[in-house]
**Q** 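Dropping a structure here in structure tokens format, bear with me for questions.
Keep in mind that this is a model prediction, so the values were computed, not measured. Here is how names work: the chains are called A, B, and so on, in the same order as the sequence lines, proteins then strands, and each is numbered from 1.
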2 protein chains.
Amino acid sequence: MFCYLSDDQLHEINDNRREVRYKAGETIFKTGGPLTHMICITSGMVKIYLEDENSEKRIILSILKPVDLVLGPGFLTDNSHHFTAVAMEETVACFIKVSRHEEFMKSNPEYSTAILRHVNSKVILQFQKMLSLTHKQTHGKMADCLLYLANSIYENDVFDTVLSRQDLADISAMTKETTIRILKEFSEEGIIICNNNHFEILDKEKLEKISISG
Amino acid sequence: MFCYLSDDQLHEINDNRREVRYKAGETIFKTGGPLTHMICITSGMVKIYLEDENSEKRIILSILKPVDLVLGPGFLTDNSHHFTAVAMEETVACFIKVSRHEEFMKSNPEYSTAILRHVNSKVILQFQKMLSLTHKQTHGKMADCLLYLANSIYENDVFDTVLSRQDLADISAMTKETTIRILKEFSEEGIIICNNNHFEILDKEKLEKISISG
DNA sequence: TAAAAATATTGATCTATATCAATTAATTAT
DNA sequence: ATAATTAATTGATATAGATCAATATTTTTA
């Protein structure tokens with residue numbers, strides 16, 4: 001994204017950026033709050049979730065890691081956050097004023113294009129998630145969750161995660177009890193190994209089949 | 001959106017645009033097809049839906065009417081359509097090449113900003129829909145569906161629609177049988193009147209309460 | 001290290017909603 | 001107008017997954 005900026009603009013960002021360090025569990029920003037800065041994850045991991053104002057339920061939309069950037073849909077619209085960002089572990093985030101972005105978009109068309117490309121790629125993922133969460137049953141949704149973690153987040157079929165069972169449930173839009181039962185089933189069928197926060201995907205093909213059959 | 005273009009650019013659009021007339025039920029473009037043009041709905045109504053490649057199920061994301069424009073998330077990413085657009089009634093759509101858009105974005109920063117604003121406002125609506133479809137039960141989802149049609153589409157608490165019961169089900173991510181049963185319940189409780197495709201919302205407050213309580 | 005708190009697990013039960021099947025009503029075609 | 005399709009409705013049934021409750025484990029705090 002930033003590669004489209006001029007040297008001057010990069011300098012300006014560097015001089016004005018504000019780096020913040022978060023501990024695990026700390027909130028970076030919350031739904032409803034003012035969207036004043038774009039955020040770039042420099043190190044650590046962040047979970048992004050939608051909060052339902054009328055219930056305690058939430059959906060974990062995605063997990064971000066370096067060097068992901070966060071510029072929510074409030075940008076250029078209502079200037080408020082539409083999702084909540086929480087550090088999953090020790091995390092460093094770099095804040096850049098949105099006003100600066102608007103300037104960059106005006107002075108640098110390549111940058112505008114890059115931002116829109118970024119937003120559109122996120123929308124494609126949201127569409128997939130929407131179909132998964134509304135049409136698949138719990139086994140299919142949990143398969144999607146495990147494949148997401150292995151393929152997109154940890155980039156390894158063996159991984160340890162700080163995500164709780166409730167978090168996995170929130171990724172998959174189901175209850176933690178159901179999550180636990182399905183993880184147990186998958187373990188018993190030899191599809192995965194799952195001990196506390198240690199996961200191993202043994203039979204990815206089968207997981208993909210379960211994902212497709214729903 | 002187009003108000004940000006120069007006279008020359010508007011002329012260029014006007015000289016190069018291609019107007020197509022569709023009958024009810026005709027497909028304008030389909031998921032997976034190449035995204036070559038942006039589309040502007042000049043007259044009529046269009047339903048936009050996500051298709052699941054692994055099942056026959058679909059989600060109607062939104063309904064478009066004049067002068068909505070359609071520029072899906074394939075723009076600047078994979079150049080393919082991620083949703084399907086079908087004319088609900090006699091509809092005229094105006095096609096504008098995406099290559100032209102990229103040029104406009106380069107030469108006209110205001111235009112880029114307007115496009116991103118448009119996309120972001122759609123994303124906000126998607127977030128709400130995602131929460132509604134995954135966390136609410138059928139009554140809440142059907143209340144949301146009726147409120148959407150009355151408030152955003154027909155802009156009247158009394159409306160006739162060409163949408164079938166299956167379409168209403170696809171808006172709400174449920175079966176047509178459940179849709180029918182809930183519409184009947186709402187009618188019996190005096191919340192709505194519903195005869196074939198004629199709808200009247202009698203007690204909007206109650207509908208809003210049902211929407212909130214889920 | 002012990003106590004307290006939080007998280008995970010298991011089992012039993014309940015219910016919302018899908019599914020299936022049959023009937024009726026409304027369109028469309030002949 | 002009548003037949004043939006297609007869509008809507010109703011009823012009966014099945015079941016996936018939520019909910020509730022109790023216990024066990026892990027983590028945190030004192």
**Q** Please enumerate all protein N or O atoms sitting under 3.5 Å from an N or O of nucleotides 24-30 of chain D, with distances to 0.1 Å.
**A**
none

**Q** Can you tell me which residue pairs pass the ring pair (Phe, Tyr, Trp, His ring centres under 6.0 Å) test with a partner in residues 40-75 of chain A, sequence neighbours excluded?
**A**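 Every candidate ring pair (Phe, Tyr, Trp, His ring centres under 6.0 Å) pair involving residues 40-75 of chain A fails, so no pair, neighbours aside, qualifies.
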**Q** Scan the side chains in residues 176-192 of chain B for donor-acceptor partners under 3.5 Å anywhere in the protein, sequence neighbours excluded, and list what turns up.
**A**
from	atom 1	to	atom 2	distance (Å)
B:Thr178	OG1	B:Thr175	OG1	3.0
B:Thr179	OG1	B:Thr175	O	3.0
B:Ser187	OG	B:Leu183	O	2.9

**Q** For B:His81, what residues pass the ring pair (Phe, Tyr, Trp, His ring centres under 6.0 Å) criterion, not counting sequence neighbours?
**A** B:Phe29
**Q** Which donor-acceptor pairs under 3.5 Å do side chains of residues 35-43 of chain B form with protein atoms, sequence neighbours excluded?
**A**
none

**Q** Grab the two heavy atoms, one from B:Ile171 and one from B:Lys129, that are nearest each other, plus how far apart they are.
**A**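 Looking at all heavy atoms of both residues, the closest pair is O-NZ, 3.0 Å.
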**Q** Can you pull out the residues from residues 44-58 of chain A that lie within a 4.0 Å heavy-atom distance of DNA chain D?
**A** none
**Q** Need the bend value for the helix from C:dT1-D:dA30 to C:dT30-D:dA1: angle between end axes, 5 pairs each end, nearest 10°.
**A** 50°
**Q** The test is side chain to side chain contact (heavy atoms under 4.5 Å, CB included); show your working for B:Thr27 and B:Thr84 and say whether it passes.
**A** CA-CA 8 Å; B:Thr27 299; B:Thr84 295; 4.3 Å; yes
**Q** Which residue pairs pass the salt bridge (Lys or Arg N to Asp or Glu O under 4.0 Å) test when at least one of the two sits in residues 74-87 of chain B, sequence neighbours left out?
**A**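 Listed once each, the pairs would be none.
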**Q** Has B:Ser172 got a side-chain atom pairing as donor or acceptor with B:Met174's backbone, closer than 3.5 angstrom?
**A** no
**Q** Does anything in residues 130-146 of chain B reach DNA chain C, meaning a heavy atom under 4.0 Å, and if so which residues?
**A**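 Of all residues in residues 130-146 of chain B, the ones placing a heavy atom under 4.0 Å from DNA chain C are B:Gln137, B:Thr138.
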**Q** Quick check: do A:Met142 and A:Thr138 have side-chain heavy atoms less than 4.5 Å from each other?
**A**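 No; the side chains remain at least 4.5 Å from each other.
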**Q** May I ask you to decide whether A:Lys23 forms a salt bridge with A:Glu90, counting only side-chain N to carboxylate O separations under 4.0 Å?
**A** no
**Q** Identify all side-chain donor-acceptor contacts of residues 60-68 of chain A below 3.5 Å with residues at least two apart in sequence or on another chain.
**A**
from	atom 1	to	atom 2	distance (Å)
A:Lys65	NZ	A:Ser152	O	3.2
A:Lys65	NZ	A:Ile153	O	2.7
A:Lys65	NZ	A:Glu155	OE2	2.5
A:Asp68	OD2	A:Lys65	N	3.2

**Q** Looking at B:Asp52 and B:Arg58, is any side-chain nitrogen of the basic one under 4.0 Å from a carboxylate oxygen of the acidic one?
**A**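 Here B:Arg58 does not pair with B:Asp52 in a salt bridge, since their nearest N and O are not under 4.0 Å apart.
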**Q** Which heavy atom of B:Phe83 sits nearest a heavy atom of B:Gly72, and at what distance?
**A** CZ-CA, 3.8 Å
**Q** If every non-hydrogen atom of B:Ser121 is compared with every non-hydrogen atom of B:His118, which pair is closest and at what distance?
**A** OG-O, 2.7 Å
**Q** Show which side-chain atoms of residues 198-214 of chain B pair as donor or acceptor with protein atoms under 3.5 Å away, not counting sequence neighbours.
**A**
from	atom 1	to	atom 2	distance (Å)
B:His198	ND1	B:Asp160	OD1	3.1
B:His198	ND1	B:Asp160	OD2	3.4
B:His198	NE2	B:Glu200	OE2	2.8
B:Asp203	OD1	B:Lys206	N	3.2
B:Lys204	NZ	B:Asn151	OD1	2.7
B:Lys204	NZ	B:Asp157	OD1	2.9
B:Ser211	OG	B:Lys136	NZ	3.3
B:Ser211	OG	B:Asp144	OD1	2.6
B:Ser213	OG	B:Lys209	O	3.2
B:Ser213	OG	B:Ile210	O	3.4

**Q** Output the residues of residues 168-191 of chain B in contact with DNA chain D, where contact means a heavy atom of the residue under 4.0 Å from an atom of the strand; sort by number or write none.
**A**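 Here the set is B:Glu177, B:Ile180, B:Arg181, B:Lys184.
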